[in-house]
Protein chains: 2
Amino acid sequence: MAQHSRDILGRAPSLADTLALRLRDEIVSGRLRPGERLATEQQISETYGVSRPTVREAIGRLKHDGLVVTRQGAGAFVADPGAVSVFRLDVADFTDKEEIRNIVELLMAIEASATEHAAARRSDKDLRNIQAQLDAMQAAIDRGEPGVEEDLAFHRSIIEATGNPFFRDLSDFLDRRVRTFIRTARANTARLEGLTQAVQAEHQAISDAIARQDASGARLAAETHLKNAAGRLALYLKP
Amino acid sequence: MAQHSRDILGRAPSLADTLALRLRDEIVSGRLRPGERLATEQQISETYGVSRPTVREAIGRLKHDGLVVTRQGAGAFVADPGAVSVFRLDVADFTDKEEIRNIVELLMAIEASATEHAAARRSDKDLRNIQAQLDAMQAAIDRGEPGVEEDLAFHRSIIEATGNPFFRDLSDFLDRRVRTFIRTARANTARLEGLTQAVQAEHQAISDAIARQDASGARLAAETHLKNAAGRLALYLKP
DNA sequence: ATAACCAAGTTGCCTGACAAGTGGAAAATT
DNA sequence: AATTTTCCACTTGTCAGGCAACTTGGTTAT
């Protein structure tokens, strides 16, 4: 049961952490049904041999994740899955390549769709912002820099134009995740050079399609760009 | 500042909740930089006028969300954004129509892409599962039932065929969210009847495309299905 | 029968305390 | 003087015990 498992930094998980995990398991496995009451803090404290504050901390996390709701004086109850208003995505491992593949797949789906929507309903201000980021990227290339920050800013400006905060937050998280993976993986492999201008051309095509409000064209341009990026990334995912 | 704001159920947010919110704001706003140390529990306890256990609870949530890491004896530190391995999506309101629109948009992007991938790499077992769910839905229709459960199961079987857990978990959450919205909204509006057979025809088209491993065809079929579904949903989003 | 009340049980929050780990300053050694 | 060792203040992790606020179901009074 991985009793002595440790996290990434080598620290042992706290009591509250492990307890929260066990309680969570009780719920997601279905042993505790929605609406059902959990044992009282006192009881849990006794059965697991920890103090009540620790139990409170564990339950507090489940509450934070929307899995349980507590009512003072009444107890803690398993939340109705339909009423859960918190979505939580746990990315376990930094080096798991299968996981990165899945993340990239999700990221591509979101970015392609977002680009399509951006083209359909961008304001003039959105367009100006996108083109400004494109210029900034070109300037970085001219200075001989890789321009990873500018690249990210360009993509973000497109997502921003959709006006959908879910697109923004999710792609932000996934994008960051992928880029840090690349950064760490790059330490072990040769650097890829001379691609930036090709990338920029793809960006230009996306920007142009958005400028003329060509939704399907924008999606296509984004898809080819993402496919190429995934192809470059695949070099790190091979073995 | 919504000092006396209350949650959906009319309960006042706990002290730890509000404190966690304020500390979170310190971080995401950038007033506390990555790597920087938070004030000690003692200090926070004094500045905010709450006890240390409450402070611990608040910090515990940030820790749970990956925003801070703590080291016993050293203190609590703002986590490096690139290292954050937890994504959290907070859906605030049940009745916010703009929010539902955004959720549906994200859901459509995911489902369309997932259907495409499912067609490309489904196993025979996946296909059998999908067709079984389709048959179950037909049986429900023949019995004169709306078949919402079967509908959900059909969609899930397709997502499952992608083998990507992120697709599964996200669409699961979003789908549930949309359906509960519809359920509550439906109480105030007339019931829509006689559409189930039309829906089923769209399902059939998707299933067929997946069966012949026609990725782009599957995407197209999914897109029309989703667009129609969104159109039906739009009736609830009008005012 | 109904309404008001009460008491046990439960969560929310607090004080105070000790153990375990960290980091730097002070002391000891080379 | 430079380096290593030791030590101590500080911080987080955990515990014990207690009181206030709230819920619930039964009891009592009307």
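Just so it is clear, the model here is predicted, and its values are computed rather than measured. Chain identifiers are assigned alphabetically (A, B, ...) following the order of the sequence lines, protein sequences preceding nucleic acid strands; residue numbering begins at 1 within each chain. What's counted below: heavy atoms across the whole structure, side chains too, no hydrogens, waters or symmetry copies.
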Can you tell me the distance, in whole Å, between the [atom1] atom of [X] and the [atom2] atom of [N]?
{"X": "B:R56", "N": "D:dC15", "atom1": "CZ", "atom2": "P", "answer": "11 Å"}
{"X": "B:L15", "N": "C:dT11", "atom1": "CG", "atom2": "P", "answer": "18 Å"}
{"X": "B:E57", "N": "D:dT14", "atom1": "CD", "atom2": "P", "answer": "14 Å"}
{"X": "A:E46", "N": "D:dC15", "atom1": "CD", "atom2": "P", "answer": "13 Å"}
{"X": "A:L62", "N": "C:dT11", "atom1": "CG", "atom2": "P", "answer": "13 Å"}
{"X": "A:I59", "N": "C:dC13", "atom1": "CD1", "atom2": "C1'", "answer": "15 Å"}
{"X": "B:F77", "N": "C:dG21", "atom1": "CZ", "atom2": "P", "answer": "17 Å"}
{"X": "B:L38", "N": "D:dT11", "atom1": "CG", "atom2": "P", "answer": "13 Å"}

Can you name the residues that form a side chain to side chain contact (heavy atoms under 4.5 Å, CB included) with [X], not counting sequence neighbours?
{"X": "B:R31", "value": "B:D25, B:E26, B:S29"}
{"X": "B:S113", "value": "A:A109, B:H117, B:F167, B:R219"}
{"X": "A:A39", "value": "A:Q43, A:I44"}
{"X": "B:D90", "value": "A:V86, B:R88"}

Looking at A:T54, I'd like to know whether one of its side-chain N or O atoms comes within less than 4.0 Å of OP1 or OP2 on D:dG13.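 For A:T54, the contact criterion (side-chain N or O under 4.0 Å from OP1 or OP2 of D:dG13) is not met.
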
Think A:T70 has a side-chain N or O under 4.0 angstrom from the OP1 or OP2 of C:dG12?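 Indeed, a polar side-chain atom of A:T70 lies that close.
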
So does B:R52 reach the base of C:dG16 with its side chain, donor to acceptor, closer than 3.5 Å?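 Absent.
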
Could you work out, with side-chain hydrogen bond (donor to acceptor under 3.5 Å, both in side chains) as the rule, every residue matching A:E41, not counting sequence neighbours?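 If we apply the side-chain hydrogen bond (donor to acceptor under 3.5 Å, both in side chains) test to A:E41, skipping adjacent residues, the hits are A:R52, A:R56.
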
Under a 4.0 Å threshold between the charged nitrogen and the carboxylate oxygen, would A:R61 count as salt-bridged to A:D17?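 Judged by the 4.0 Å cut-off on N to carboxylate O distance, A:D17 and A:R61 do form a salt bridge.
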
For B:R33, is there an ion pair with B:E36 - N to carboxylate O distance below 4.0 angstrom?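 No.
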
Taking N or O atoms only and anything under 3.5 Å, show me the protein contacts with nucleotides 8-10 of chain C, one pair per line.
residue	atom	partner	partner atom	Å
C:dG9	N2	A:G73	O	3.2
C:dT10	O2	A:G73	N	3.4

